[in-house]
2 protein chains.
Amino acid sequence: MVSARHMYCLPGRCEIIMPACRVYQDCMDMELHRLRTFVAVAEIGSLSGASDVLRIAQPALSRQIRLLEEEVGQQLFTRSHAGMRLTPAGGELLGRVSGLLRQLEQSLDEVRSFAQDPAGEVTIAMVPTVCAVVAEALVRRVARELPQVRLRLIEGYTSHILDWLHQREVDMAVIYGPAIDLHLRARILATDELVLIAAAGQGPAPGPVAVADLAEKPLILPGSQHGLRLVIEKAAEERSGIRLTIAVEAGAFATSLELVAAGLGWTVLPGSTAARFAADGRFEIRPFAPRLSRQVVLAEPPGQPATRAIERVTAILSEETERLLR
Amino acid sequence: MVSARHMYCLPGRCEIIMPACRVYQDCMDMELHRLRTFVAVAEIGSLSGASDVLRIAQPALSRQIRLLEEEVGQQLFTRSHAGMRLTPAGGELLGRVSGLLRQLEQSLDEVRSFAQDPAGEVTIAMVPTVCAVVAEALVRRVARELPQVRLRLIEGYTSHILDWLHQREVDMAVIYGPAIDLHLRARILATDELVLIAAAGQGPAPGPVAVADLAEKPLILPGSQHGLRLVIEKAAEERSGIRLTIAVEAGAFATSLELVAAGLGWTVLPGSTAARFAADGRFEIRPFAPRLSRQVVLAEPPGQPATRAIERVTAILSEETERLLR
DNA sequence: GCTCCTTACGTCTCCCGTAAGAATC
DNA sequence: GATTCTTACGGGAGACGTAAGGAGC
């Protein structure tokens, strides 16, 4: 018996298959059903929890997982009283299939809405500061202009978002540049100027400040995986050779602002974020001279044709980001 | 009821879903089963043909297709006495899902062979001239060194192969450069020198020939979609301003060689191809001066992590191509 | 005792295959 | 009449749900 693919030929394609024969049916019995329950169980971390979410009896899930493990010939979870933990093989499977399942659902949504208004789910990742500024307007416009589209917004740091883009876990992302070419299509949406934020009455004299002025002052900055931190450290190093004093590491800018307001130190944020969340009387805002800035970049995942829903949401996202970040 | 994804949260992800509620089960009933039969029917073009290939009774396929059409709410085929022809919506679906199904199978193969020898299917596209030279050695080494790997070789022209790469229909490709960056990772494997081939006794005087010497002579060259043709025409234009006389357009180089042997004209081929297929007494081979050459490029599809099987086959492919093309 | 996951069994859905029907060349 | 796709019906595989069992805190 010859493999299925060997028996027919698309025009323009000549196929040679080695080793000779192979029956496709043998390994074609995997169904989405089983993979979907796997992904849910893996992400939730327990059968009972997944049972609640999926509204399927827990023994049925147990059986599906066991059958999946038999089908791939690998143990995918370690069971314990604490739930289900992925084995390395299970992690490999999750990483590979979850993005594919998402794309499959999207493809079906795209065909379902063929010749109609765009429909389906669109997942967008943004860095927290941009998300905080843009999310409301984006959600509002998508709800009004694309009622058939479900929007998922995910916050994350640029480094994580890049991983998600490459694994196709997200459909579009707003991250901070420079737009390093990782074989992604990217477009610069805005250049976000960074500003110094201090509690009212505790800032430097009005007017621009130099990076050197930060020396020895207690600062509240995000951790080193955060792009903002790198920009500031690099500027401090290059411009004045000073070393920064990090009083507190706070990843969430809202927390940083609270700490600044409490007088624990200064922080640095994009001007658009400051204008929106630090505009009340509690803070003093100072620009840098020379300017400190970051590129705000719109990045697409590699390859695959986007759905119309993604294209439309992207257009709205670009407009709103450019508008709100000036 | 709240959507499934809304109810659990991966660490580091904060999700906002709009519009509010959505029951995932509603549209999650699609199964691979149905999509696989769709792809087979679409590629084969008839239910009866697919019935033979898939070894499933034809009425069962008919029913699956009807159910799929109901599930996506679109007519996917036009039926006729001549078989099943894809509608535009059907074409959209095929283009989107066939690559995804292939990746899904690959992912499962990768996990099945976790911590073992690489296994699964690897699809490689090559331009015909390279395929003719490299295929045998590649197939031999893969069969010996990677017995668990099924190799699919597909011949095509560079322009088609680029489409396949972007749709992820192939896992790796050897094409002709220049390695235009279409957001593909690409590596130059060799530079293939082009040579003039004439029937024995009908060539120009021994020694290098100039492109200008081709003027007015009847040539047997592939069609204009073929990269080789473009290279030659461009050289003729730039180097001497002459216009070529195309006696016959023949895409397959084996055919071209037969026509040359029959005395119908000259042709131009990569030196590696000529050395292998025109080395008998029937032909005379002449280099060009200055040289005419093309880059031979290894290109990967965008994104997605390759399987170990793909990596291993790629390594062999690179070695053999570099060796055989010098 | 509580919370996990697992095993066992009855019911139901879905898909397949066979057989017969309708349309086009 | 040949080929094509479609409709109708009976049997079987698989998945769910309920109920009961075992292990770790």
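Each chain gets a letter, A, B and so on, in the order the sequences are listed, and its residues count up from 1.
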According to side-chain contact (heavy atoms from CB on, under 4.5 Å), who are the partners of [X], at least two apart in sequence or on a separate chain?
X	result
B:Q116	A:Q74
B:P118	B:L146, B:R308, B:A309, B:R312
A:E258	A:R282
B:E71	B:D29, B:M30, B:R34

Original post:
Nucleotide by nucleotide, 5' to 3', does protein get under 4.0 Å of the base (B), only the sugar-phosphate (S), or neither (-) in nucleotides 8-19 of chain D, counting heavy atoms?
Top reply: -------BSSBB

Could you list all the ring-ring contact (aromatic ring centres under 6.0 Å, His included) pairs where at least one residue sits in [range], not counting sequence neighbours?
range	result
residues 80-119 of chain B	none
residues 45-77 of chain B	B:F38-B:F77
residues 46-69 of chain B	none

Original post:
What is the 5' to 3' range of DNA chain C, first to last nucleotide, that sits under 4.0 Å from any heavy atom of chain A?
Top reply: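 It runs C:dC4 to C:dT7.
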
Donor-acceptor list for residues 44-51 of chain B side chains, cut-off 3.5 Å, not counting sequence neighbours:
residue: B:S46; atom: OG; partner: B:G49; partner atom: N; Å: 2.8
residue: B:S51; atom: OG; partner: B:I56; partner atom: O; Å: 2.6
residue: B:S51; atom: OG; partner: B:Q58; partner atom: N; Å: 3.4

Validation: residues 248-255 of chain B side-chain donor-acceptor distances under 3.5 Å, sequence neighbours left out:
residue: B:E249; atom: OE2; partner: B:R229; partner atom: NH1; Å: 2.9
residue: B:E249; atom: OE2; partner: B:R229; partner atom: NH2; Å: 3.3

Original post:
Where along residues 69-87 of chain A does a heavy atom come under 4.0 Å from DNA chain D, residue by residue in number order?
Top reply: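 Residues of residues 69-87 of chain A that come under 4.0 Å of DNA chain D are, in numerical order, A:H81.
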
**OP:** Verify, without hydrogens or angle tests, whether B:E300 (side chain) and B:M172 (backbone) share a donor-acceptor contact under 3.5 angstrom.
**Re:**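 Looks like no, no N/O pair under 3.5 Å.
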
